[in-house]
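Worksheet: the structure to be examined is printed underneath.
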Amino acid sequence: MPDFPAATPRARVRVPLRFADGYGADAELVTFHGLTDGQEHLALVLGDPGPVPLVRLHSECLTGDVFGSARCDCGPQLREAVERIAGRGGVLLYLRQEGRGIGLYNKLDAYALQDQGLDTYEANAALGLPEDARDYTAAAQMLTALGITELDLLSNNPDKAAQLHSRGLTVRDRIPTGLFTTPHNVHYLRAKALQTHHTLPLPELSAG
């Protein structure tokens, strides 16, 4: 049995999703009672999930998801994930964990330090904040409440798979997302690949 309290579905509503490039998909949005962190996380059920659905844990990124910021790859990852999950069947968890859990204002403060030469992790540390403050207990609660105990995880981040595994879920496979580089985010992506071992085959890594 999981070592966290059970969450339960609160409400389900159908929402047609439409993206700026014209792609659309129909999603069932699910809200929950009993999430341990008290945040308003969402599950988007897409397509026809099978016994081992494709799942993405997507952390909220206002600048990337909404405003199209080129300083990260979050917006393109979200768009890609919806299409890939809808095509196979699965769930996208939209988690209210802005800035790897440090919040929007702190994230923007970290951006200012990055402009002075620090990488994304050094900037968090300079602010006295964790490199990554995200805890995926609520994600495990949500998946369990949806009847999902085994999944394929759409993610470049090994910590997401490790945390789900430690909470009693079986991650059969971790499937990398696409690589979405801009002149403004290569340094950020390189830091993720080198320091937290994200699956990101950047050509720049060969230069050491």
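Side-chain atoms of Q141 never come within 3.5 Å of backbone atoms of F4 as a donor-acceptor pair (strictly under, hydrogens ignored). No donor-acceptor distance shorter than 3.5 angstrom exists from the side chain of Q116 to the backbone of L113, with no hydrogens or angles considered. Without hydrogens or angle criteria, H33 side chain to R10 main chain gives no donor-acceptor distance under 3.5 Å. E131 places no side-chain N or O within 3.5 Å of a backbone atom of Y121 that could act as its donor or acceptor partner. Between the T181 side chain and the V186 main chain, no donor and acceptor come within less than 3.5 Å of each other. When atom types are taken as modelled, the side chain of Q39 and the backbone of A138 share no donor-acceptor pair closer than 3.5 angstrom. Side chain of Q114 to backbone of A123: no donor-acceptor contact under 3.5 angstrom is found. Between the side chain of N156 and the backbone N or O of T177 there is at least one donor-acceptor pair closer than 3.5 Å. Distance alone, capped at 3.5 Å, places no donor-acceptor pair between the D173 side chain and the I175 backbone.
At a threshold of 4.5 Å between non-hydrogen side-chain atoms, the residues V82 and Y23 count as touching. Residues R12 and T31 form no side-chain contact, since every pair of their non-hydrogen atoms from C-beta on lies 4.5 Å or further apart. P5 has its side chain within reach of T36: a pair of non-hydrogen atoms, C-beta onward, lies under 4.5 Å apart. Put simply, the side chain of L154 does not reach to within 4.5 Å of the side chain of L92, judged on heavy atoms. The closest side-chain heavy-atom distance from K160 to L153 is below 4.5 Å. No side-chain heavy atom of N185 sits less than 4.5 Å from a side-chain heavy atom of C72.
For Y188 and R190, the side-chain atoms include no donor-acceptor pair closer than 3.5 Å.
Between D21 and R79 there is a salt bridge, with a side-chain nitrogen of the basic residue lying less than 4.0 Å from a carboxylate oxygen of the acidic one.
Residue T144 holds its OG1 atom at 9.0 Å from CD1 of I148, rounded to the nearest 0.5 Å. Distance CZ/F32 to CD/E40: 13.0 Å, rounded to 0.5 Å.
Grouping Ile, Leu, Val, Met, Phe, Trp and Tyr residues whose side-chain heavy atoms lie under 4.5 Å apart, directly or via other members, leaves F180 alone, with no other cluster members.
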Report the C-alpha distance between Q77 and R56 in whole Å, list the side-chain angles of each, state the deciding distance to 0.1 Å, and finish with yes or no for side chain to side chain donor-acceptor pair (under 3.5 Å). CA-CA 10 Å; Q77 282 189 326; R56 173 159 177 79; 3.0 Å; yes

Could you check R88 against D152 for salt bridge (Lys or Arg N to Asp or Glu O under 4.0 Å), going step by step and ending with a plain yes or no? CA-CA 11 Å; R88 172 173 156 178; D152 287 341; 2.7 Å; yes

Go through it in stages, so that I can follow the logic: the residues are T170 and E150, the test is side chain to side chain donor-acceptor pair (under 3.5 Å), and I'd like the CA-CA distance, side-chain angles, deciding distance and then a yes or no. CA-CA 5 Å; T170 299; E150 183 176 3; 5.7 Å; no

Could you please spell out the steps behind the side chain to side chain donor-acceptor pair (under 3.5 Å) verdict for R167 and T137? CA-CA 7 Å; R167 287 154 178 78; T137 300; 2.9 Å; yes

Which is it for L179 and D73 under the side-chain contact (heavy atoms from CB on, under 4.5 Å) test, yes or no, and what are the steps along the way? CA-CA 8 Å; L179 181 63; D73 57 346; over 6 Å; no

Stepwise side-chain contact (heavy atoms from CB on, under 4.5 Å) test for L17 and D26: CA-CA 6 Å; L17 308 180; D26 291 332; over 6 Å; no

Between E28 and V13, does a side-chain contact (heavy atoms from CB on, under 4.5 Å) hold up when you go through it step by step? CA-CA 6 Å; E28 181 184 48; V13 61; over 6 Å; no

Kindly indicate, with the supporting measurements, whether the criterion side-chain contact (heavy atoms from CB on, under 4.5 Å) is fulfilled by N157 and R134. CA-CA 12 Å; N157 185 352; R134 290 174 293 182; 3.5 Å; yes

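The hydrophobic cluster containing V171 also contains M142, counting ILVMFWY residues as joined when their side-chain heavy atoms lie under 4.5 angstrom apart, directly or transitively. When the side chains of ILVMFWY residues are joined at heavy-atom separations under 4.5 Å, either directly or via intervening members, L42 and L143 end up in two distinct hydrophobic clusters. Linking Ile, Leu, Val, Met, Phe, Trp and Tyr residues whenever their side-chain heavy atoms come within less than 4.5 Å leaves L95 and V15 in two separate clusters. L62 and L129 sit in two unconnected hydrophobic clusters of ILVMFWY residues. Membership requires side-chain heavy atoms under 4.5 Å apart, directly or through other members. Under the 4.5 Å side-chain heavy-atom criterion for ILVMFWY residues, a single connected hydrophobic cluster contains both V30 and L169.
Considering all non-hydrogen atoms of both residues, A27 and L46 come closest at CB-CD2, 3.6 Å. Nearest heavy-atom pair, Y136 versus L57, reported as atom, atom and distance to 0.1 Å: CD2-CD2, 3.5 Å. Taking every heavy atom of both residues into account, A7 and L35 meet most closely at CB-CD2, 3.8 Å. In this structure, P130 and N124 approach most closely via the heavy-atom pair O-ND2, 3.0 Å. The heavy-atom pair separating D119 from A191 by the smallest distance is CB-CB, 4.0 Å. Contact detail for L127 and A110: the closest heavy-atom pair is CD1-N, 3.7 Å.
Geometric assessment of R71 against the ring of Y111 yields a positive cation-pi assignment under the 6.0 Å and 45° thresholds.
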Atom pairs and distances, donor-acceptor, side-chain atoms in residues 48-55, under 3.5 Å, two or more places apart:
none

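Contacts classified as ring pair (Phe, Tyr, Trp, His ring centres under 6.0 Å) and involving residues 42-74 (residues at least two apart or in different chains) are given here: H58-Y94.
Here the rule is side chain to side chain donor-acceptor pair (under 3.5 Å) with T120, and of H187, R100, K107 only R100 fits it.
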